[in-house]
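Keep in mind the model is a prediction, meaning the values are calculated, not measured. In what follows, every heavy atom counts, from backbone to side chain, and hydrogens, waters and symmetry copies are set aside.
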Amino acid sequence: MGGFGHWKDRMGRTRTILGEKVREALCSVLPITAIVLVLCFTVAPLPVDVLLAFLAGAVLLILGMGFFTLGAEAAMTPIGEQVGTHMAASRKIGVIVSVSFLIGVVVTVSEPDLQVLASQVPGIPNAVLVGAVAAGVGVFLVVALLRILFQISLRWLLIGSYAAVFLLAAFFVPGDFLAVAFDSGGVTTGPMTVPFIMALGLGVSSIRSDENAAQDSFGLVALCSVGPILAVLVLAMLFPASGAYHPSPMPQAADSRELGSLFLSAFPEYAVEVLKSLFPIAAFFGLFQVAALKLKRKKVLKILIGLLYTYIGLALFLTGVNVGFLPAGTYLGRQIASLPFNWLLAPVGMLMGWFIVRAEPAVHVLNKQVEEITSGAIPGGAMSASLSVGVAVSIGLAMVRVLTGLSIFAFLVPGYLLAVALSFFVPKIFTSIAFDSGGVASGPMTATFLLPFAMGACEALGGNIVTDAFGVVAMVAMTPLLTIQLLGLVYQRKLNRAKLAQAAEDEEIIDLVY
């Protein structure tokens, strides 16, 4: 009876935590759902079957995010921390380099967003693109972990990396591939990769005893976003641009049964896709557990249950997004771009960007870790607001690109230059978090709703989808670099003001005493 009672209590706690995660997801998804409803009942009417598919997708999205965040906490984060700690504790550079490269490749190949992007890129075979991007992440994950161990400045690594990126892009790469290359840096840091890589950084930094160790655990996502950009730029020089992007068909359902069958028929496909994505991570953990970790059975069981929750969550999430959200985004973009006042694309995009980043699963993981590492000095609410501002601005600028056909370089070059300049004036922790936030903000919601929205608009305007619509993910990845560092300036100013006030108070007390 005691064992049954303990199991019952555990199930009760799990249900309570899952309920909290689902409520968080509900708060994240409801605003974007409300925006779409307002638009479809006013300036951009949707077909009934597309609208109902969108609403059903929203329900699956909420449930999927709830299960995913629960699973990430129970499995992905502990695996990353355990592997990172054990690997770094070995003190063998060869072990750290080989294992971290393998982790980077395995986790990247497991990233669903990368598979989606690869199928849309013309001219490069899917397997070649995925393999090159995975190798890029592996190399830069090695660099990122060695940076933590040897206490190398993140700022100078980022400056050198992005200098190489922009030089390569400006002088050697065909213009058709620029937007795709920068988008690839965003999609590789999605819901599968971010919890694992961030936890890995915490594990590696834990063997250091200095006061900056925890702060140095940030910056892994930032560096791992550079590898894919360089990989695609190199591939662009080897493969000529060819082919065209074909948008996904709109859902068509004569009644509720047909609508249900749309989701039921799609679910097995995404369930298999997520199974393929999670299997390399589970296999890697199993091998590492047998060879080195030797965790207790209870802990291993908890991680396996967490992987199951992650699997269920991502399968539901991808089904809801791809069957319901993606077609609605494409259709809405088309409808608004066809209006006489199509300038509405920019403010509508900004409004969507403000709310949609709150629905990104990886953003919740980042906000929680930032709050924990800084002991509440950087509240999750301030992080969330800063990211929302950044993404809203980026989507507005992306819509300006769709309307005008301006080169993505016109936005990325000054944006990154300003981000690098700010890094010399803000506390280092804010620079690390800002560059991590850029990769985290550009997750599955961006790739599967905002990118189709831009594509639909570009198609209606007769623009070049590859050069004008692609790049949305890259824009979303850039602007948080500025807003989070500006948050750092505000934080630093408040800290300095508090120190001055404290010094003045201390001086007053001394004057009174003497």
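Between Asp436 and Gly219, the closest heavy-atom pair is OD2-N, 2.8 Å. When all heavy atoms are compared, the tightest approach of Val323 to Ala266 is CG2-CB, 3.5 Å. In terms of heavy-atom proximity, Ile336 sits nearest to Ala44 at CG1-CB, 3.9 Å. Annotation for Ala315 and Ala271: closest pair CB-CA, 4.1 Å, computed over non-hydrogen atoms. Nearest heavy-atom pair across Ser386 and Ile484 is CB-CD1, 3.5 Å. Across every non-hydrogen atom of Leu307 and Ala282, the tightest pair is CD1-CB, 4.1 Å.
Rounding to the nearest 0.5 angstrom, the gap separating the CE atom in Met65 from the CG atom in Leu63 is 11.0 Å. A distance of 13.5 Å separates NZ in Lys296 from NZ in Lys302, rounded to the nearest 0.5 Å. Atom-to-atom distance recorded for Leu332:CG and Leu51:CG is 9.5 Å, nearest 0.5 angstrom. Atoms CD and CD1, on Gln289 and Ile303 in that order, are 7.5 Å from each other to the nearest 0.5 Å. Between the OG atom of Ser265 and the CD atom of Glu258 there is a distance of 11.0 Å, given to the nearest 0.5 Å. Interatomic distance, Arg147 CZ to Leu223 CG, rounded to the nearest 0.5 Å: 6.5 Å.
Evaluation of the side chain to side chain contact (heavy atoms under 4.5 Å, CB included) rule for Glu269 yields no partner, not counting sequence neighbours. In this structure Tyr311 satisfies the ring-ring contact (aromatic ring centres under 6.0 Å, His included) test with no other residue, sequence neighbours excluded.
For the pair Gln335 (side chain) and Leu46 (backbone), a donor-acceptor distance under 3.5 Å is absent. Between the side chain of Ser437 and the backbone N or O of Pro480, no donor-acceptor pair lies under 3.5 Å. The closest donor-acceptor contact from the side chain of Thr108 to the backbone of Ala134 lies at 3.5 Å or more, if one exists at all. Side chain of Thr479 to backbone of Gly390: a donor-acceptor contact under 3.5 angstrom is found.
Residues Arg334 and Phe453 are not in side-chain contact: their nearest non-hydrogen atoms beyond the backbone lie 4.5 Å or more apart. Proximity of Leu481 to Leu422: side-chain heavy atoms (C-beta onward) are nowhere separated by under 4.5 Å. When side chains are defined from C-beta on, Leu154 does not count as touching Lys428, because their heavy atoms never get closer than 4.5 Å. Under the 4.5 Å side-chain criterion, counting only non-hydrogen atoms from C-beta, Phe284 is in contact with Val99. Looking at heavy atoms from C-beta onward, Val105 lies out of side-chain contact with Val137 at the 4.5 angstrom threshold. Taking 4.5 Å as the limit, every side-chain heavy atom of Val472 sits out of range of all side-chain heavy atoms of Asp183. Thr330 places none of its side-chain heavy atoms less than 4.5 Å from the side chain of Met455. Under the 4.5 Å side-chain criterion, counting only non-hydrogen atoms from C-beta, Ser384 is not in contact with Leu387.
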Dump the intermediate steps for side-chain contact (heavy atoms from CB on, under 4.5 Å) on Val290 and Phe285, then the final yes or no. CA-CA 9 Å; Val290 171; Phe285 170 69; over 6 Å; no
Thr431 and Gln485: CA distance, side-chain angles, deciding distance, side-chain hydrogen bond (donor to acceptor under 3.5 Å, both in side chains) verdict: CA-CA 6 Å; Thr431 299; Gln485 289 194 99; 3.1 Å; yes
Show your reasoning for whether side-chain contact (heavy atoms from CB on, under 4.5 Å) applies to Thr33 and Phe54. CA-CA 8 Å; Thr33 307; Phe54 171 78; 3.8 Å; yes
Could you walk me through whether Ile32 and Phe325 satisfy the side-chain contact (heavy atoms from CB on, under 4.5 Å) test, starting with their C-alpha distance in whole Å, then the side-chain angles of each, then the deciding distance to 0.1 Å, before giving a yes or no? CA-CA 10 Å; Ile32 190 67; Phe325 263 54; 4.3 Å; yes
side-chain contact (heavy atoms from CB on, under 4.5 Å) for Met352 and Ile35? Distances and angles first, verdict last. CA-CA 7 Å; Met352 287 181 177; Ile35 292 167; 4.2 Å; yes
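Classification of the Tyr309-Phe67 ring pair by plane angle, with boundaries at 30° and 60°, yields tilted.
Phe267 has its ring centre no less than 6.0 Å from the ring centre of Phe263. Residues Phe68 and Phe317 place their aromatic rings such that the two centres sit no closer than 6.0 Å.
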